[in-house]
J.: 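This is the structure I have questions about; it appears just below.
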Number of protein chains: 2
Amino acid sequence: MNNVKKALEELTLTEKFRQGNVRLNACPSRNVLKDVTSRWGVLVFLTLQQGTHRYSELRHKINGVSEKMLTQTLHALEEDGFVLRTAHPVIPPHVEYSLTESGKEVAVRVEELVNWIEVNINSILTAKDEYAAAHNEAG
Amino acid sequence: MNNVKKALEELTLTEKFRQGNVRLNACPSRNVLKDVTSRWGVLVFLTLQQGTHRYSELRHKINGVSEKMLTQTLHALEEDGFVLRTAHPVIPPHVEYSLTESGKEVAVRVEELVNWIEVNINSILTAKDEYAAAHNEAG
DNA sequence: CAGCATCCGGTTCGATACTG
DNA sequence: CAGTATCGAACCGGATGCTG
């Protein structure tokens, strides 16, 4: 089946990455981009840009995120070198997340994008209404 | 209009489900943000920023996108008022997609983000390697 | 050429329950 | 508090058939 074939190709890719220093000509930036622009990745950047946060603080501020997805998102961004994880060996556990230097670079660009959308959300919604009306006039 | 009123009520309901919060202002932008930062949304912005494209051209340039997802993405962005769809009534069909003014505004910000990542992809990958090494030193 | 409708396997998401 | 494990639900993406 195609599935097997595809899985095999992906395995090969994974192994290339694992074995280390192979710089693929295929764009790895798309993988990083996927982490950054992921649903919760964006919100993590926005939140951490305002300073260091604990896990529970992130969970509280990023409304709607599940534990699993927050953990998963933080892991990915940590692996990409955008987020720094600092675990204090105390009981109860105390873990802090902050942006690295490169993380801050990304964050300002993410913020510019989000900021534009928030500023223009009203005209966007208006356009949406008009679009819906135009496509639903027979209603 | 009744449509607007009803849409507003539905929006409020959606907000309650999505956020469980009273802040009506923060949430619609999150929906738009989701469209913009979606996996293929980003690539559509980047491609259309270079000019008008036909459906098949988009499908060809955005490597890996399926027909269904491209259609779905274009619909969402059109509804948000970022993409303009122009269908020429000829046989065979000729449909062109381009960015609206607000779409262009978004596109430049998306491009800045992507551009930074592409420029810094090497140091990001290096960091990734180091991270993997540090977490895998036992072999 | 540019879609839409549908089915289906695979992946991802998210709530719950549980661990250290 | 900060996660992990698990399972059902939702979503993604390919294939196919049909339309104009």
Side-chain angles (χ1 to χ4, degrees), chain A residues 1-11 13-14 30-31 33-44 47-48 52-79 83-98 135, chain B residues 14 16-20 30-31 33-35 37-44 47-48 52-79 83-98 135:
Chain A
M1 291 208 180
N2 269 340
N3 294 339
V4 180
K5 193 176 172 186
K6 188 178 177 183
L8 243 155
E9 288 174 355
E10 285 177 355
L11 189 69
L13 275 177
T14 304
R30 195 177 285 190
N31 293 329
L33 189 68
K34 203 189 171 200
D35 294 339
V36 172
T37 63
S38 71
R39 174 157 190 196
W40 306 114
V42 173
L43 299 174
V44 165
T47 310
L48 287 187
T52 298
H53 284 70
R54 300 182 63 168
Y55 181 84
S56 54
E57 289 171 339
L58 285 173
R59 184 131 157 64
H60 181 251
K61 284 204 181 182
I62 303 176
N63 212 289
V65 68
S66 68
E67 277 180 12
K68 194 173 78 173
M69 291 320 294
L70 181 55
T71 300
Q72 192 172 307
T73 302
L74 287 171
H75 272 307
L77 295 182
E78 190 194 355
E79 214 179 308
V83 163
L84 181 66
R85 180 183 184 272
T86 310
H88 302 279
V90 296
I91 294 179
H94 188 132
V95 181
E96 288 182 338
Y97 292 92
S98 59
H135 286 248
Chain B
T14 305
K16 281 186 181 175
F17 276 115
R18 243 169 226 277
Q19 199 170 13
R30 196 180 283 187
N31 292 330
L33 189 67
K34 204 190 169 200
D35 294 338
T37 63
S38 72
R39 172 155 191 197
W40 306 114
V42 173
L43 299 175
V44 165
T47 310
L48 287 187
T52 299
H53 284 71
R54 300 180 63 167
Y55 181 83
S56 53
E57 290 172 338
L58 285 174
R59 187 134 154 62
H60 180 251
K61 283 204 182 181
I62 302 176
N63 210 287
V65 69
S66 71
E67 199 181 274
K68 196 171 71 172
M69 283 299 108
L70 181 56
T71 300
Q72 193 171 306
T73 303
L74 287 171
H75 270 305
L77 294 183
E78 190 193 355
E79 214 179 308
V83 163
L84 181 68
R85 180 182 183 274
T86 310
H88 301 279
V90 297
I91 293 179
H94 189 133
V95 181
E96 287 181 338
Y97 292 93
S98 58
H135 286 249

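First the proteins, then the strands, lettered A, B, ... as listed; each starts at 1. Below, each value reflects all heavy atoms present in this structure, side chains not excepted, and no hydrogens, waters or symmetry copies.
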J.: Please pick, from D:dG14, D:dT4, C:dA2, the nucleotide with the shortest atom-to-atom distance to any side-chain atom of B:V95.
T.: C:dA2

J.: Would you classify B:R85 as touching base, sugar-phosphate or nothing, given that sugar-phosphate means primed atoms plus P, OP1 and OP2, and contacts are heavy atoms under 4.0 Å?
T.: sugar-phosphate

J.: Rounded to whole Å, how long is the line connecting atom CD of A:Q72 with atom C1' of D:dT6?
T.: 14 Å

J.: Output the rounded distance in Å from CD (A:E67) to P (C:dT16).
T.: 11 Å

J.: Grab the CE-C1' distance between A:M69 and C:dT16 for me, whole Å please.
T.: 16 Å

J.: Please classify the nucleic acid contact of B:H88 as base, sugar-phosphate, or nothing, using heavy-atom distances under 4.0 Å.
T.: nothing

J.: Where the side chain of B:K68 is defined as all heavy atoms beyond and including C-beta, which of C:dG3, C:dA2, C:dT6 is the nearest nucleotide?
T.: C:dT6

J.: Nearest-Å distance, CD (A:E96) to P (D:dG3)?
T.: 12 Å

J.: Counting side-chain heavy atoms from C-beta on, which of D:dG13, C:dC4, D:dA2 comes nearest to B:R39?
T.: D:dG13

J.: Any idea which of D:dA2, D:dG3, C:dC1 is nearest the B:P92 side chain?
T.: C:dC1

J.: Side chain of B:H75 only, heavy atoms from C-beta on: which candidate in C:dC4, D:dA2, D:dG13 is closest?
T.: C:dC4

J.: Can you measure B:Y55 atom OH to C:dC1 atom C1' for me and round it to whole angstrom units?
T.: 10 Å

